[in-house]
Amino acid sequence: MELQIRPMCYEERKYAYEQSSQLMSQTGSIGRLRGDFGSGGMEFWTTWEDHRQDLKTDAFKSELDDVINALHSDEYGLLKDRRSMVSFARREPDRAFKGNYTTEYGFRVDTKDHAFLIRCNPQQGDYNFYCFCYVSKLLDQHIEEARKDIRFIDSGYKELFRLPDGEQITITLSTDEKLDRVCRYIDEAHLEVGRSIYHICEFAESMERNGNTYAPKEPPLPPKCFTLLPSSGDIIEVTRYEKGYRPIRKREAFETQGGRELFVDTANKRMGVTKAQEAAMLAGSLFGWDTPSAKPKNYDENGKAIKPKDRER
């Protein structure tokens, strides 16, 4: 079986972990295969967990067997043994990301109708891989929808802020106790806060009724922004979580440095993008979205990097 293996993109990584039953249903999560190579690194032990039995067709089961057997073969080697996994995973640094407690490596394999998200951890003493299996159409549709961000409103439907899928809010209770909760996009009118699902208005009303307030735990990244490429001063457009940037065709008004800066400032202000967000977006597109420099909280209001010793703990 010939496979096309690519690194998981930033947004896909969330789906290589356990989801709520609501999200598993929406994304077409068929199930999860978990495996390890044993104490010697050469064994191959696996267990399967169903998520949606209605999607576990004979065609899917055949594809899963073909994909796993191919990855376990000498030809691909990703799931052959622990040493082969390390060798495969480290060929390209883009495949590495910070997991819950160690560096992990993420890959995606697509067949005609299914997507296999494979999260690898070559360390001995832990499960070495998880393969989350999806109906690719349903998964990709949900990821695309989630790019709209989660909308937070007050009880009068006034929009307060938007939060990227998977980021956290801090809820301040009436007792001044603070709670951090991961938020997930369900659809334009529903969200998941921690383990609970709400209509966006229901959540607002609940918070107001109990005297609670809420805000992003950290300043979020915007969906896109404009900035100047440091090496040339050219105008570029940066899209959140995408590697690289899109050059903006020069116009007569941009020929001077002042004209280019004015365009960037005006366009970003129109989108509500701060200087700190602009600086973080540029860093993320160039150096990776997992780096500290891709976080707006690490810049001041002028977009200047805050020294580590001066950052909030």
Side-chain angles (χ1 to χ4, degrees), residues 10-11 13-14 17 20 23 97-98 100 143 145-225 227 238-242 268-285 288-306 308 310-313:
Y10 190 95
E11 293 159 303
R13 295 175 189 172
K14 295 188 289 287
Y17 293 88
S20 66
L23 284 172
F97 63 94
K98 185 178 179 181
N100 289 335
I143 291 174
E145 279 289 306
R147 290 184 178 132
K148 296 176 181 177
D149 291 347
I150 303 167
R151 193 159 52 106
F152 287 85
I153 60 174
D154 63 18
S155 59
Y157 266 84
K158 176 185 177 183
E159 185 171 309
L160 303 176
F161 60 89
R162 292 192 178 226
L163 192 74
D165 180 39
E167 296 296 313
Q168 296 185 64
I169 59 170
T170 296
I171 301 172
T172 304
L173 305 181
S174 57
T175 59
D176 288 334
E177 181 185 358
K178 296 184 183 297
L179 306 174
D180 294 334
R181 294 289 183 266
V182 173
C183 300
R184 298 301 306 273
Y185 181 95
I186 299 299
D187 57 39
E188 287 187 327
H190 297 84
L191 75 157
E192 188 176 275
V193 181
R195 297 181 180 273
S196 301
I197 295 176
Y198 300 88
H199 187 280
I200 56 175
C201 190
E202 177 192 7
F203 179 74
E205 290 173 345
S206 173
M207 292 294 103
E208 292 177 15
R209 184 168 56 250
N210 291 295
N212 304 336
T213 59
Y214 48 98
K217 182 180 179 181
E218 296 181 3
L221 291 169
K224 72 173 184 178
C225 77
T227 190
V238 177
T239 299
R240 183 177 63 205
Y241 305 145
E242 287 188 7
N268 284 343
K269 285 179 181 177
R270 189 181 301 121
M271 295 186 293
V273 177
T274 67
K275 287 286 188 181
Q277 289 173 320
E278 177 190 341
M281 289 282 282
L282 175 63
S285 70
W289 299 100
D290 288 317
T291 61
S293 58
K295 292 185 174 293
K297 69 174 184 177
N298 293 329
Y299 299 88
D300 64 20
E301 61 182 10
N302 298 312
K304 302 298 182 183
I306 300 172
D310 296 329
R311 294 175 186 166
E312 293 183 10
R313 298 290 180 181

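Sequence positions, counted from 1, serve as the residue numbers for this chain.
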Contact summary for [X] and [Y], nearest pair of heavy atoms:
{"X": "I306", "Y": "K297", "value": "CD1-O, 3.7 Å"}
{"X": "S174", "Y": "N212", "value": "N-OD1, 3.2 Å"}
{"X": "E278", "Y": "T227", "value": "OE2-OG1, 2.8 Å"}
{"X": "P164", "Y": "I150", "value": "O-CD1, 4.3 Å"}
{"X": "G288", "Y": "A294", "value": "O-CB, 3.7 Å"}
{"X": "K98", "Y": "D290", "value": "N-OD2, 4.3 Å"}

With sequence neighbours excluded, what pairs up with [X] under the salt bridge (Lys or Arg N to Asp or Glu O under 4.0 Å) test?
{"X": "E192", "value": "none"}
{"X": "D165", "value": "K14, R184"}
{"X": "E301", "value": "none"}
{"X": "E242", "value": "none"}

#### Entry: Qualifying ring pair (Phe, Tyr, Trp, His ring centres under 6.0 Å) pairs, either residue in residues 168-196, two or more places apart
H190-H199
Answer yes or no: is there a donor N or O on one side and an acceptor on the other, between the side chain of [X] and the main chain of [Y], under 3.5 Å?
{"X": "D154", "Y": "G156", "result": "yes"}
{"X": "N302", "Y": "K304", "result": "no"}
{"X": "Y241", "Y": "P223", "result": "no"}

Give, for atom [atom1] of [X] and atom [atom2] of [Y], the distance between the pair rounded to the nearest 0.5 Å.
{"X": "Q168", "Y": "D180", "atom1": "CD", "atom2": "CG", "answer": "5.5 Å"}
{"X": "R240", "Y": "L221", "atom1": "CZ", "atom2": "CG", "answer": "7.0 Å"}
{"X": "R162", "Y": "K148", "atom1": "CZ", "atom2": "NZ", "answer": "9.5 Å"}
{"X": "M281", "Y": "T239", "atom1": "CE", "atom2": "OG1", "answer": "6.5 Å"}
{"X": "I200", "Y": "R151", "atom1": "CD1", "atom2": "CZ", "answer": "3.5 Å"}
{"X": "E202", "Y": "M207", "atom1": "CD", "atom2": "CE", "answer": "10.0 Å"}

### Message
For F152 and Y214, take the angle between the two ring planes, folded into 0 to 90°, and tell me which bin it lands in: parallel under 30, tilted 30 to 60, perpendicular over 60.
### Response
tilted
### Query
Does some side-chain heavy atom of Q277 sit less than 4.5 Å from a side-chain heavy atom of P222?
yes
#### Entry: Residue list, side-chain hydrogen bond (donor to acceptor under 3.5 Å, both in side chains) with E208, at least two apart or on another chain
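Partners of E208 under the side-chain hydrogen bond (donor to acceptor under 3.5 Å, both in side chains) test: S155.
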### Task
Consider only side-chain N and O atoms of T172 and K178, and report whether a donor and an acceptor are under 3.5 Å apart.
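The criterion, which ignores hydrogens and geometry beyond distance, is satisfied for K178 and T172.
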### Task
Might you work through the side chain to side chain contact (heavy atoms under 4.5 Å, CB included) test for I153 and C201, ending with a clear yes or no?
CA-CA 7 Å; I153 60 174; C201 190; 4.1 Å; yes
### Query
side chain to side chain contact (heavy atoms under 4.5 Å, CB included) between Y198 and I186: does it pass, once the steps are laid out?
CA-CA 9 Å; Y198 300 88; I186 299 299; over 6 Å; no
